[in-house]
Amino acid sequence: MSSSRAVSRFVGTVVAVFLVAAASVWAQSTATLRGTVTDQTGAVVPNAQVKAVNQGTNLERASKTDATGNYQIAALPAGTYRVEVQAPGLQRQTVTDLHLDVSRIVGQNFKLAPAIVKEAVTITGEAPVVEASTMTVGQVLDPKQLQEIPLNGRHFVDLGLLVPGSVTPPANGFLTAPIRGQGSLAFNTAGQREDTVNFMVNGINLADMANGQITFQPSIATLS
């Protein structure tokens, strides 16, 4: 295969599929929290204190809203968080059990009421029905799902078929024939050819840049 052909194959849209489980070490596996803070009239609240605390590790990260009332806390390890917002003259508001999945941008807005004798508002976080903060389509599997899901041969690539829009490649497709002990080398997703899928685990690229196939399939046990 010529170098020009290899380059052209990757010039188009590359679909990144992230198959990540809840691991003890989250190397390069983080999430972003962002949103807007307003008062009850809808006016933005600048310089509001925003604090995110990991409920499992007590890791604490803080930020402030800008002049437009927006805040962002990036590079947060995946997990469940408590988010507190407070501003002078307004009630402190807290959201608990806010789950941040790897490689996701989670939007959480706050509307603060006028302060009344140290009164605070606590809200329990819930997963949004519609993902409005990003156009990415993905699937996050927890360790229990990974260990109990019935996968023929326990091949890592088969997990990609759980992502919405992913299908098995056609019988005459490129990278279709499975290899003994390794299974299929790729799959089709989002309408793309199977050799345009990129595989990453904890931020490490596992794809062969020459032909787009996966170079190494970690065992299911290592993903939990």
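Atom set for the values below is all heavy atoms of this structure, side chains included, hydrogens, waters and symmetry mates excluded.
- Hydrophobic clustering keeps V83 apart from V53 (ILVMFWY residues linked when any side-chain heavy atoms are closer than 4.5 Å, directly or through intermediates).
- Here the side chains of N109 and T38 are not in contact, with every heavy-atom distance at 4.5 Å or above.
- Heavy-atom minimum distance, Q55 versus Y81: OE1-O, 3.1 Å.
- Looking at every heavy atom in both residues, A75 comes nearest to T32 through N-OG1, 4.3 Å.
- Taking NZ from K51 and CZ from R92, the interatomic distance works out to 8.0 Å, rounded to the nearest 0.5 Å.
- In plain terms, the two heavy atoms of F187 and G160 that are nearest each other are CZ-CA, 3.5 Å.
- Note: the hydrophobic cluster containing L33 does not contain V44 (ILVMFWY, side chain heavy atoms under 4.5 Å, direct or indirect links).
- With L76 as reference, L100 is the one residue of L100, N54, T30 to meet the side chain to side chain contact (heavy atoms under 4.5 Å, CB included) rule.
- Using a 4.5 Å cut-off on side-chain heavy atoms (C-beta onward), Y71 and V85 make no contact.
- Using a 4.5 Å heavy-atom cutoff, the side chains of T36 and N70 are in contact.
- T65 places a side-chain N or O within 3.5 Å of a backbone atom of V45 that can act as its donor or acceptor partner.
- Side-chain contact between Q93 and E84 is absent, with no heavy-atom pair separated by less than 4.5 Å.
- Without hydrogens or angle criteria, Q40 side chain to P114 main chain gives no donor-acceptor distance under 3.5 Å.
- Side-chain contact check for R82 versus T96: some heavy-atom pair is nearer than 4.5 Å.
- L59 and V50 end up in the same hydrophobic cluster when Ile, Leu, Val, Met, Phe, Trp and Tyr side chains are linked at under 4.5 Å.
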- request: Kindly determine whether I149 and L162 satisfy side chain to side chain contact (heavy atoms under 4.5 Å, CB included), including the steps that lead there.
  value: CA-CA 11 Å; I149 193 169; L162 301 176; 3.3 Å; yes
